[in-house]
Amino acid sequence: MRANCKIALVLSVCLASASMSYGQQTVVAKHGQLSVEGNRIVDKDGNPVVLRGMSLFWSQWMPQYYNAEAVEWLRDDWRCTVVRASMAVESGGYLSNPEREKRKIDTVVQAAIDLGIYVIIDWHDHNAHKHIEQARAFFEEMAKKYGKHPNVIYELWNEPLNSHDWSTVIKPYHEAVIPGIRAHDPDNLIACGSSTWSQDVDKASRDPLKFDNVAYTLHFYAATHRQSLRTKATTALNNGVALIVTEWGTSEASGSGKLDAEETRRWLDFMDRNHLSWCNWSVADKRETSAALMPRASGTGNWTAENISPSGTLVRKELRAKNPPPTTAAASRN
Ligand code: MG
């Protein structure tokens, strides 16, 4: 019996290391629970981790991409290690159709958990300070349901406006919502937006939130936002806070206009140098520069070169160059 046990043990150790050496681990199996250490997001072993992936478009306007097949295609063909589910709040979103919009988020979150990638639950709102109670209840429910999974990152307020003050409006909102999450999930990462469409990370870093595992959201659109925004980001990092780029575009701030490949390169280099995780805006087939897909691209992946826009082509190339190859579907359940 003892000898058999020994053989079984040796065998299982060999199998485990063989599967690891063949890269059969999902990204979440590899990095596990994320946390914030100083100005870095680190993995379960304390090493800096950089996630790169795609943001889905406003959930009420692009529902066709909120399904497991699209998420699987984004993992396998685009090599996304993270996806962002952008739950619309106003404009026909969660406030008027809570169950319908929440179902889309549940679908994408469950798919990401099954596929072993990270997922951002984004309260896609410009006026979240007017919806504190709804946001708190929503995130409490999400934390209760998904807080035990290391896959999940909570993004509390996509983009406050430039008129919203950090210290008196935005910070108090985060302070009202975070305890609801922490009651059920003591540790998963929380991304917090700042004023001027989540660009004033320098202001947030001077008056930071007093919670663990909080990162500040940095958003940019390469044809509009340039070195002055990178300087603000550097100031925030130097002040000791962690940043996460939950949304960025190759286009102008409107989401359309010029595709600035040169400035996009500067931003990608900046994010690499500073170990910043990112999601590109967006998985959409809308006729606008930042949309990654061409009109009428399938809702469930299998996108050919003709289905992918110039922006999508640039971003997919970057993802495939920088992210590790995905695991096989059979090995992906974690
Ligand atoms: Mg947790």
Side-chain angles (χ1 to χ4, degrees), residues 25-53 55-56 68 71 75 80-87 94 102-124 128 132 134-158 171 173-193 208-217 241-246 275-279 327 332-334:
Q25 247 184 335
T26 66
V27 67
V28 172
K30 178 167 186 229
H31 293 295
Q33 186 69 45
L34 305 179
S35 60
V36 171
E37 243 179 64
N39 63 3
R40 291 272 167 83
I41 294 170
V42 299
D43 69 9
K44 65 179 165 55
D45 302 316
N47 299 316
V49 61
V50 180
L51 308 174
R52 302 180 187 88
S55 175
L56 303 185
V71 176
R75 183 194 69 162
C80 290
T81 52
V82 57
V83 292
R84 176 179 187 238
S86 304
M87 191 183 72
Y94 181 79
K102 201 165 53 188
R103 258 198 309 277
K104 294 173 194 165
I105 303 311
D106 281 328
T107 302
V108 169
V109 171
Q110 193 55 55
I113 291 168
D114 292 342
L115 292 162
I117 63 173
Y118 292 90
V119 59
I120 300 173
I121 301 177
D122 163 31
W123 184 261
H124 207 71
I132 295 178
Q134 294 94 329
R136 189 179 155 108
F138 170 77
F139 280 110
E140 211 174 324
E141 189 182 335
M142 292 293 114
K144 209 170 174 177
K145 210 186 282 185
Y146 301 117
K148 63 179 183 294
H149 298 283
N151 311 63
V152 170
I153 298 167
Y154 311 96
E155 181 176 358
L156 305 194
W157 185 349
N158 164 51
K171 187 183 178 192
Y173 165 85
H174 293 312
E175 287 170 334
V177 176
I178 291 172
I181 294 176
R182 287 295 180 243
H184 305 285
D185 177 0
D187 48 9
N188 282 29
L189 208 61
I190 299 176
C192 293
L209 289 152
K210 305 274 186 285
F211 294 92
D212 290 337
N213 297 339
V214 161
Y216 296 84
T217 308
V241 302
L243 302 179
I244 179 167
V245 182
T246 58
H275 297 93
L276 301 186
S277 294
W278 55 257
C279 283
T327 54
S332 69
R333 310 293 158 184
N334 73 336

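Note that this is a predicted model, so its numbers are computed, not measured. Counting starts at 1 for both ligands and their atoms, in listed order.
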Report task. Check whether any side-chain N or O of Arg182 sits under 3.5 Å from a backbone N or O of Asp185 as a donor-acceptor pair, and report yes or no. Result -> yes
Query raised in the report: Should the ring pair Phe138 and Trp123 be called parallel, tilted or perpendicular, given that the plane angle runs from 0 to 90° and is split at 30 and 60?
Result: tilted
Report summary line: Atom name of the N, O or S atom of Asp187 nearest to the Mg ion (ligand 1) is OD1
Requested in this report: Verify side-chain contact (heavy atoms from CB on, under 4.5 Å) between His124 and Arg84, making sure each step is shown before the conclusion.
Outcome: CA-CA 10 Å; His124 207 71; Arg84 176 179 187 238; 3.9 Å; yes
Query - Minimum-distance pair of heavy atoms, taken over all atoms of Val241 and Asn39 - result: O-CB, 3.1 Å
Query raised in the report: Counting backbone and side-chain atoms alike, does Val152 have an N/O/S atom under 2.8 Å from the Mg ion (ligand 1)?
Result: no
Report summary line: For OD1 in Asn188 and O in Gly147, the angle at the Mg ion (ligand 1) (nearest 10°) is 100°
Query raised in the report: Do any of the N/O/S atoms of Gln33, backbone or side chain, fall under 2.8 Å from the Mg ion (ligand 1)?
Result: no
**Report entry** Tyr146/Asn188 under side chain to side chain donor-acceptor pair (under 3.5 Å): CA gap, chis, key distance, verdict
**Finding:** CA-CA 10 Å; Tyr146 301 117; Asn188 282 29; over 6 Å; no
Query raised in the report: If you check every N/O/S atom of Asp185, which is the one nearest the Mg ion (ligand 1)?
Result: OD1
